[in-house]
Colleague: 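Let me give you the structure first, and then I'll get to my questions.
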Amino acid sequence: MANEQDIEEIKRTLKQLEDQIVQIKKEARKPRSFWSRFAIGFLIVFIAMIMASGVLSFFQYHN
């Protein structure tokens, strides 16, 4: 069985891990900056345009 010192060390480690989880959750809730939202939106629209162009080219080629 674990002695008292081991139990206290495990409790301290568990508390540190819980604090790290709380910190990570706080950071995950932070809103994205304008530029990151713009870049994500731009990439989504750009990829959608390329896909739409490919689909249209495919149908024009096969008609």
Colleague: Is there a donor-acceptor pair closer than 3.5 Å between any side-chain N or O of Ser53 and the backbone N or O of Met49?
Modeller: no
Colleague: Give the other cluster members for Val55, using side-chain heavy-atom distances under 4.5 Å between Ile, Leu, Val, Met, Phe, Trp and Tyr residues; answer none if it is isolated.
Modeller: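 Answer for Val55: Phe58, Phe59.
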Colleague: Could you tell me the separation between the CD1 atom of Ile47 and the CE atom of Met51, rounded to the nearest 0.5 Å?
Modeller: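 Answer for the CD1-CE pair, Ile47 versus Met51, is 8.5 Å.
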Colleague: Are the side chains of Glu8 and Lys11 in contact, using a 4.5 Å heavy-atom criterion?
Modeller: yes
Colleague: State whether the number of non-hydrogen atoms from other residues, nucleotides or ligands found under 6.0 Å of Gln23 atom CD is greater than 12.
Modeller: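 Open.
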Colleague: Could you measure the distance from the CG atom of Asn3 to the CG atom of Asp6? Nearest 0.5 Å is fine.
Modeller: 4.0 Å
Colleague: Atom CD1 of Ile10 and atom CZ of Arg12: how far apart are they, to the nearest 0.5 Å?
Modeller: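 These two atoms lie 10.5 Å from each other.
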Colleague: Considering all heavy atoms of both residues, which atom of Arg32 and which atom of Arg37 are nearest to each other, and what is their separation?
Modeller: O-NE, 3.7 Å
Colleague: Kindly compute the distance separating CG (Asp19) from CD1 (Ile24), expressed to the nearest 0.5 Å.
Modeller: 11.0 Å
Colleague: Which other residues belong to the hydrophobic cluster containing Phe38, where Ile, Leu, Val, Met, Phe, Trp and Tyr are joined when side-chain heavy atoms lie under 4.5 Å apart, directly or via other members?
Modeller: Phe34, Trp35
Colleague: Mind checking what makes side chain to side chain contact (heavy atoms under 4.5 Å, CB included) contact with Leu56, not counting sequence neighbours?
Modeller: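 Listed in chain order: nothing, the list is empty.
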